[in-house]
**Student:** 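Next up is a structure, given as C-alpha cells.
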There are 2 protein chains.
Amino acid sequence: MSTLARIARLSGFSKATVSRVLNHSPHVSPETREKILAIMKEKDYVPNRNAISLSKGQTQQIGMITMDLNELILRFMNGFVEISGRHGFQTIIYTTGGDKEKELQALEDLKRKRVDALLILTSVNDKNVISSYCKYGPIVSWQRMDHPDIPSVAMNQYDGYALAMEHLIEKGYTRIANAFGRPSSINTRSRRLAYEQIMANNNLPVIEKWYYSSIYRIVDGEQLMQSLMGETDRPDAILCSNDLVAAGVLSEARRQRIDVPRDLAIIGFDNSELSRTLGITTVRNPIAGQAENAFLLMAPALLGRNMELQPLSFSLVKRETT
Amino acid sequence: MSTLARIARLSGFSKATVSRVLNHSPHVSPETREKILAIMKEKDYVPNRNAISLSKGQTQQIGMITMDLNELILRFMNGFVEISGRHGFQTIIYTTGGDKEKELQALEDLKRKRVDALLILTSVNDKNVISSYCKYGPIVSWQRMDHPDIPSVAMNQYDGYALAMEHLIEKGYTRIANAFGRPSSINTRSRRLAYEQIMANNNLPVIEKWYYSSIYRIVDGEQLMQSLMGETDRPDAILCSNDLVAAGVLSEARRQRIDVPRDLAIIGFDNSELSRTLGITTVRNPIAGQAENAFLLMAPALLGRNMELQPLSFSLVKRETT
DNA sequence: TTGAAAGCGTTACCAC
DNA sequence: GTGGTAACGCTTTCAA
C-alpha cells in the first residue's frame, strides 16, 4: 500500500511537496510536479480519505435522515445527491424506520464527525433534541421544523392547491371533494384554506361533507370512490392528496363506468411517475429544486461562501382527468 | 471539543486507559472505569470516527453501487442496511446513473479506504475492471458477474418461473403468453427455459408467437394487452416479467371488459407493493434474504469469521388474477 | 491494572 | 519552491 511518505521518499522530495502536488498548489515547479505525478501513477497511489478527514476535520460526507424510502423521498434524495456531488460531497442515508434511537445515532454521527452536515427528510425526535446538535454542524430539514436553528425547504402547499382549484373552476367544476392527508398537518391546513378561499372568491359554496382525511394510498382512493357511489349527491371533481390516491379514485371510477373527465374530474399531487403513466392531471412539486436549496442552505458552513437560493413554484400538469 | 487526551488529562489516567474504557477492555479496574465514564459524560465526549478509522484502517462503512433506485433495489438495500447495521456497519449509496466514471469513483473509494467493502446492485463497467479492485476489499454483487472473484447472490429465475407455470397449468390455463424483460439476459433465458420445459413435461405446445420481450413497465403491459386485443387467437394467461407489467396488463384488460381470471389469468413477479394493492398473483422473490447473504459473503473479510449463508427459495403468492 | 510512546496518513505552518 | 515538523485523535504494542 503506497502512502504519501513513500511517494516522497521515492521521488526525493518532501511530504510537504507531495501534498502540494496533490492539492494543486501553485507553488510547485512543473518539473517537480511531473516527476511526482509519474511516481504516483507508477505506484498506483491514492490518498487515504481517513487521513485527510482527520487532518482537515471534514469528511465531505453529508447524512440524510429519513424514516422510510418512497418515490417522493427518493426524488428529493436524488436531487440532493446530485448537487452535493457537484460540490465534492458524498451522501449517506440513515433510514430510521421511525426509531428515535436510530435517528439519534445519525445525529451523533454529526458530533463524531462522520458527516459534516445533516439533511432531515422525515424525523421523529423532538425538535429541541435535534436542534441541540446544531452546534456540531449545519442541519437542514425538508419538513417544517418550526425552530430558528433548523431551516426548512418545504413549500407552502397553498399555492399548489390554489392552482388546481382555479383550473377546476375554470373548467366549470364546482362541486369539489377534497381528499386530504394527515388531518391536522400544516399542509392539510394550507390546502383546506386554499380550497375555502378560492371557493369564496368565486361565490361558490364550501362543501364540508366532502372533506375526507387520512387518505394516503391507492386503496384509500378506491374506497373513497366506492363510498361516494353509495350516495345520491355526488361531487363532480375530486382533489386528491397525492397521485396514489388519484390513481385509486381513477381506477375505481373506471370500474364503475363513470366518464372521466366529463362526469368527474380528478387531480393528483406531486407529478409522480404513476400520474404520468395513467394520464392524471396533477400539481408539479419542484422537488429537485427544494433539494438543491437544501444544499445551498448548508453551503455557507460547508464551503464558506453564501449561495443564492433559487425561487421555486408549483405548476399544473394538465392531462386527461380534467 | 473534547478529545480522548482531554479526558485522560482530566481523569488523571493515561490515554491508553481511556481508550481501554472506550473499547470495553477487561483490563480496567471498575473504579477507574466509573471515574472515566463519569468525566466522559460530563464533558459530553464522543470519539472521533475519523481518528478511529485512520488508526484501525477500517471505516465500518460499506458502499452500495447502483445505476438508479427503484422499488426492488430499495428492498434489497433496506435488507442489506438492516443486517450490516446489526454488525456495526453503515452503508453509503453510490448512484451512478449508468456513468462508468461515477462508478469508478465508488471503486476508488474502496482503494482509498472510505469504505471497507462494496455491494454492487447494478453496474456498467467491465467485470475485469471491477475485479481489479478486489484486492482492496471484498466486493459482492447482486447481478451475476461471472467472475471468480466477485460472488453474486442472484437467484436462478428458473425456479420462480416454474412455480408460476405449474400453478397456471394446474388451474387449467394452457395458452400462455410470456412477457419477458431484457431480450438476451440470463434471467430471460432461464425463464424461457422454464416455460418450455414445463410445457413439454405436460405435453403442451410451446407458442413462440406469444413471446414478447423488452417489456418492463406499466405502459408496456398496457400496450401488450392492446395489441393482443387486435388478434383473434388469444392467450388465456399472461406471465409477466414483473408486477408493473402485470398491473398494466390487468388495467387494460379491465378497460377492455375482459373477465380476469376467468378468461385471462395474469401473474406478476417480485411480490411488490403494487401487486398487493391490485390483488395480482405473483412470485415472491426473497430479496431481503439475498441482501442478507450478500453481507454474509463479506463477513469473512470484514469480521474475520465465516458465516453460513441461508438457503433461499421463491414462493407463489396467490391472489385474484389466477 | 496502568502508562509511555510509536504509529495511522494526511495537512498546514514556519523556515529557508 | 521546497523542506522540517507539529498537529489531527485515536489504537496498539511493550514495559512496568
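FYI, side chains are in, hydrogens and waters are out, and symmetry mates aren't considered; it's all heavy atoms of this structure. Quick note on labels: first sequence line is chain A, next is B, and so on, each numbered from 1.
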**Student:** Regarding B:Val18, tell me which of base, sugar-phosphate or nothing describes its non-hydrogen contacts under 4.0 Å with the strands shown.
**Tutor:**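 It contacts nothing in the nucleic acid.
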**Student:** Expressed as a whole number of angstroms, how long is the span from B:His27:NE2 to D:dT11:P?
**Tutor:**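 Atom-to-atom, B:His27 to D:dT11, this comes out as 16 Å.
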**Student:** Tell me if the side-chain of B:Ser55 makes a donor-acceptor pair with the base of D:dG9, cut-off 3.5 Å, by modelled atom types.
**Tutor:**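 Result: no qualifying N/O pair found.
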**Student:** Taking atom C1' of D:dG9 as reference, at what distance in whole Å does atom CD of A:Gln58 sit?
**Tutor:**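 These atoms are roughly 17 Å apart.
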**Student:** Return no unless some side-chain N or O of A:Ser14 is found under 4.0 Å from OP1 or OP2 of D:dT2.
**Tutor:**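 For D:dT2, neither OP1 nor OP2 has a side-chain N or O of A:Ser14 closer than 4.0 Å.
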**Student:** Taking CZ from B:Arg112 and P from C:dG9, how many angstroms apart are they, rounded to a whole number?
**Tutor:**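 Interatomic distance, CZ of B:Arg112 to P of C:dG9: 15 Å.
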**Student:** Hey, are B:Lys35 and B:Glu31 close enough for a salt bridge, meaning a charged N less than 4.0 Å from a carboxylate O?
**Tutor:**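 Not counted as a salt bridge, because no side-chain N and carboxylate O are separated by less than 4.0 Å.
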**Student:** Please tell me which of the listed nucleotides, D:dG3, C:dG9, D:dT12, lies nearest to the side chain of B:Ala16?
**Tutor:**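 Of all the options, the side chain of B:Ala16 is nearest to D:dT12.
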**Student:** Among D:dT2, C:dT11, C:dT2, which is the nearest nucleotide to the side chain of A:Ile52?
**Tutor:**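 Looking only at heavy atoms from C-beta outward on A:Ile52, the closest nucleotide is C:dT11.
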**Student:** Taking CD from A:Gln60 and C1' from C:dT11, how many angstroms apart are they, rounded to a whole number?
**Tutor:**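 It is 14 Å, rounded to the nearest whole Å.
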**Student:** May I have the distance from B:Met40 (atom CE) to D:dG9 (atom C1'), rounded to whole angstrom?
**Tutor:**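 Those two atoms, CE and C1', are 13 Å apart.
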**Student:** It should be established whether B:Ser29 places a side-chain nitrogen or oxygen under 4.0 Å from OP1 or OP2 of nucleotide C:dT1.
**Tutor:**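 It does not, given that no N or O in the side chain of B:Ser29 lies less than 4.0 Å from OP1 or OP2 of C:dT1.
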**Student:** Find the distance B:Lys15:NZ to C:dT2:P and express it as a whole number of Å.
**Tutor:**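 Interatomic distance, NZ of B:Lys15 to P of C:dT2: 18 Å.
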**Student:** Roughly, in whole Å, what's the span from CG in B:Asn48 to P in C:dC8?
**Tutor:**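 Rounded to whole Å, this separation is 19 Å.
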**Student:** So for B:Arg20 and C:dG3, does any side-chain atom that can act as donor or acceptor lie under 3.5 Å from a complementary atom in the base?
**Tutor:**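 Indeed there is one.
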**Student:** Taking atom types as modelled, is there a side-chain donor on A:Gln90 or B:Arg114 under 3.5 Å from an acceptor on the other?
**Tutor:**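 Yes, side-chain donor-acceptor contact under 3.5 Å.
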**Student:** Roughly how far, to the nearest 0.5 Å, is the CE atom of A:Met307 from the CE atom of A:Met298?
**Tutor:**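 The CE atom of A:Met307 is 13.5 Å from CE of A:Met298, to the nearest 0.5 Å.
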**Student:** For B:Asn50 and D:dC10, is the shortest distance between a side-chain N/O and OP1 or OP2 below 4.0 Å?
**Tutor:**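 So the side chain of B:Asn50 is outside the cut-off, no N or O lying under 4.0 Å from OP1 or OP2 of D:dC10.
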**Student:** At 4.0 Å (heavy atoms only), tell me whether A:Thr32 reaches a base, stays on the sugar-phosphate, or touches nothing.
**Tutor:**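 The answer is sugar-phosphate, as A:Thr32 gets under 4.0 Å only of primed atoms, P, OP1 or OP2.
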**Student:** Given the structure, check if the side chain of A:Lys56 and the base of C:dT10 hold any donor-acceptor pair shorter than 3.5 Å.
**Tutor:**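 It does not, because no donor-acceptor pair links the side chain of A:Lys56 to the base of C:dT10 below 3.5 Å.
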**Student:** What is the distance from CG of B:Leu54 to C1' of D:dT12, rounded to the nearest Å?
**Tutor:**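 It is 13 Å, rounded to the nearest whole Å.
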**Student:** I'd like to know if A:Lys111 pairs up with B:Asp44 as an ion pair, taking the criterion as any Lys NZ or Arg NE/NH1/NH2 lying under 4.0 Å from an Asp or Glu carboxylate oxygen.
**Tutor:**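 Between B:Asp44 and A:Lys111 there is a salt bridge, with a charged N closer than 4.0 Å to a carboxylate O.
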**Student:** Is the ring pair B:His87/B:Phe295 parallel, tilted or perpendicular, if the boundaries are 30 and 60 degrees?
**Tutor:**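 Answer is parallel, since the angle falls under 30°.
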